[in-house]
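Please read the structure below before turning to the comments.
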Amino acid sequence: MHDRLFLQKTSLPKLCRHHLAIGMGKLALLLLRLLGRGATAMPGKTALTLSPNLLSALTADRQVFLVTGTNGKTTTVRVLCSILDSAGYRVVTNPSGANLDSGLTTTLLSNMEALRQRGDQPLALVFEIDEAFFGKLASKLDPSVTVVTNFFRDQLDRFGELSHTRDLIARGLDQTSSKVVLCADDSLCASLARGREDDTLLFGMATEGFGNMSSDAIHESAFCTFCGTKYTYDGMIYGHLGRFHCPGCGFSRPRPDLSFLPASGDGKGQIIDFEYAEENASAHLPIPGIHNAYNAAAALLGAIAGGIEFGQGVKFLSTAEAAFGRMERFTVDGKDVCLILVKNPVGMDRALDFVAAASDIGGVMMLLNSNDPDGRDVSWIWDVHFEHHLPLGTIGVSGQRCHDMALRLYYAGKPEKQLITQSDYELLFSKLLADCPQGQCLYILPNYTAMLDLRAVLARRFDLKAFWR
């Protein structure tokens, strides 16, 4: 059916360009994979050079789910895909996290057979989208459902202030008729519901989950989006997530359609209680951390917006797996290794809090790079509350900016003799793994490109699944 629609709506010259672009893109994909490369962007870039409208053509008349926001995109996509797959969908997604137009096009080129399949099994395209590119791509992709996870300060040299990031996503939403899933506890995220009330669903923490204002709070959205008055809070979760109220214009945390409460958990998973439309259900999520409870709620509500029943969606949360580098855990010679991606102050605080609560710490390694995907400015590490969450014992530090991180840890109170600074990822990893006691875990906290580099090394050594799969 889709092939017939594609032919009917496309002129012959455009159709020829599309077929040429697909052929050349698939050839580039094949050659790069033969060379052992991830090939997550270049094939799509090649195809789009030949046919700039190819992305729109390949996604036309499909059910498209888009996930954007600052933190949690990759994990939310992974959980949403697990729900849809368990519900019987054929799912096409970008597991590598390549979330620009070139990455999405590469994903589609890699899945042409699934796109062409016919039958009763429904197809879902589930894409993680970069915040800045969302405004450019939303109209081309015409999503059925858009999930916005949250807004935290990230890559200031690229995005600028949080309000600008919020406005980029608002611009994209204005160009679609998508159902929108938003975090009720994030004031900037919740503000996107204004004017879109009929198309919006919200997720948020249950009343029992809120705590008092913490001295550790990284309060990045202190002022009202609409009138500029400083918010007041009568309950907090972390960062600026909480029950907010504007004394100026009255804008306040909306009541969530889906509420959740982490009931119990350990370093390998958690039990979460959910409530939706007066129904209650509990799920085991095999991914730990309160921030991942938020990601699971976002994914569940996205699935509901796409037509999955609440009880069914909750049941399928148990099939989810951690995305590569995001609470990813594997075992080597009786020792665990846990990779926790950190890329901004709130993310690092969450990771440090998680590690501090772990009962199996056998070592800690931090990696800091400053490539373009990371943001060249690493001054954000001075906004992290290392002083309150500093892991005990020796910390290994690596990456392009290892000396910046070592200095920050020194000023946070870590003695120089307990810091190992080594620019070579693999050498440092090998030493820390050798020093890690049997039955314990080496926790690794890298930012984005450092995580990709180290994980590539670990994938070769320990036969891990390639990050693009």
Side-chain angles (χ1 to χ4, degrees), residues 67-77 97 99 128-134 148-166 168-169 183 185-189 214 216-222 236-242 289-295 298 323-327 339-356 365-390 397 399-402 404-405 408-409 412 443-452 454:
V67 178
T68 191
T70 305
N71 288 355
K73 296 186 290 293
T74 304
T75 299
T76 300
V77 164
N99 56 18
E128 170 185 336
I129 300 287
D130 176 82
E131 304 94 295
F133 262 73
F134 180 80
V148 185
T149 57
N150 50 55
F151 292 100
F152 291 113
R153 179 163 45 105
D154 188 47
Q155 297 186 53
L156 286 176
D157 52 349
R158 178 170 172 237
F159 291 120
E161 292 301 323
L162 279 177
S163 58
H164 177 61
T165 309
R166 182 254 182 215
L168 289 174
I169 292 178
C183 179
D185 302 339
D186 182 332
S187 56
L188 273 173
C189 197
S214 169
D216 287 2
I218 299 175
H219 212 65
E220 297 177 335
S221 181
M236 295 294 298
I237 306 298
Y238 64 83
H240 59 262
L241 302 187
I290 190 171
H291 56 295
N292 284 317
Y294 270 95
N295 295 333
F324 71 96
R326 283 86 168 171
M327 293 288 184
L339 284 167
I340 308 174
L341 174 68
V342 291
K343 58 177 187 169
N344 51 36
V346 168
M348 180 65 87
D349 260 11
R350 290 297 90 219
L352 291 170
D353 186 56
F354 176 78
V355 172
M365 178 177 175
M366 297 184 184
L367 298 89
L368 183 65
N369 278 358
S370 57
N371 294 311
D372 283 339
D374 307 303
R376 297 286 183 180
D377 182 358
V378 298
S379 62
W380 61 267
I381 63 175
W382 293 91
D383 294 327
V384 178
H385 293 99
F386 285 107
E387 291 80 0
H388 302 283
H389 302 280
L390 202 58
V397 185
Q400 297 165 344
R401 306 298 289 269
C402 57
D404 295 78
M405 180 62 83
R408 176 67 186 95
L409 295 172
Y443 287 92
I444 306 177
L445 282 59
N447 67 341
Y448 185 66
T449 65
M451 182 269 290
L452 291 180
L454 177 63

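Predicted model only: the values in this text are computed from it and were never measured.
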Under the salt bridge (charged side-chain N to carboxylate O under 4.0 Å, His left out) test, residues paired with Arg166 that sit two or more places apart: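 Salt bridge (charged side-chain N to carboxylate O under 4.0 Å, His left out) check on Arg166 returns nothing, list empty.
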
With Asn344, the side chain to side chain donor-acceptor pair (under 3.5 Å) member among Asn71, Thr70, Asp349: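 Single pass found, and it is Asn71.
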
Qualifying residue for side chain to side chain donor-acceptor pair (under 3.5 Å) with Tyr294, from Asp186, Thr149, Asp185: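 The residue from Asp186, Thr149, Asp185 that satisfies side chain to side chain donor-acceptor pair (under 3.5 Å) with Tyr294 turns out to be Asp185.
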
Partner set under side-chain hydrogen bond (donor to acceptor under 3.5 Å, both in side chains) for Ser163, not counting sequence neighbours: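 Listed in chain order: nothing, the list is empty.
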
Residues which pass side-chain contact (heavy atoms from CB on, under 4.5 Å) with [X], listed by chain and number, not counting sequence neighbours:
X      : value
Asn295 : Thr75, Thr76, Asn292
Val397 : Ile395, Cys402, Met405, Leu409, Leu419
Thr449 : Asn369, Asn371, Pro373, Asp374
Asp353 : Arg350, His389

Main-chain N/O of Ser370 paired to Arg401 side chain as donor or acceptor, under 3.5 Å: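 The answer is no, because no donor-acceptor pair under 3.5 Å joins these two groups.
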
Heavy-atom pair with the smallest gap, counting every atom of Ala412 and Leu390: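 Of all heavy-atom pairs spanning Ala412 and Leu390, the closest is O-CD2, 3.9 Å.
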
Closest non-hydrogen atom pair between Phe134 and Ile129, with its separation: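 Smallest interatomic distance, heavy atoms only, reads CA-CG2, 3.6 Å.
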
Parallel, tilted or perpendicular, as decided by the 30° and 60° cut-offs, for the rings of Tyr238 and Phe152: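 Plane angle under 30°, so parallel.
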
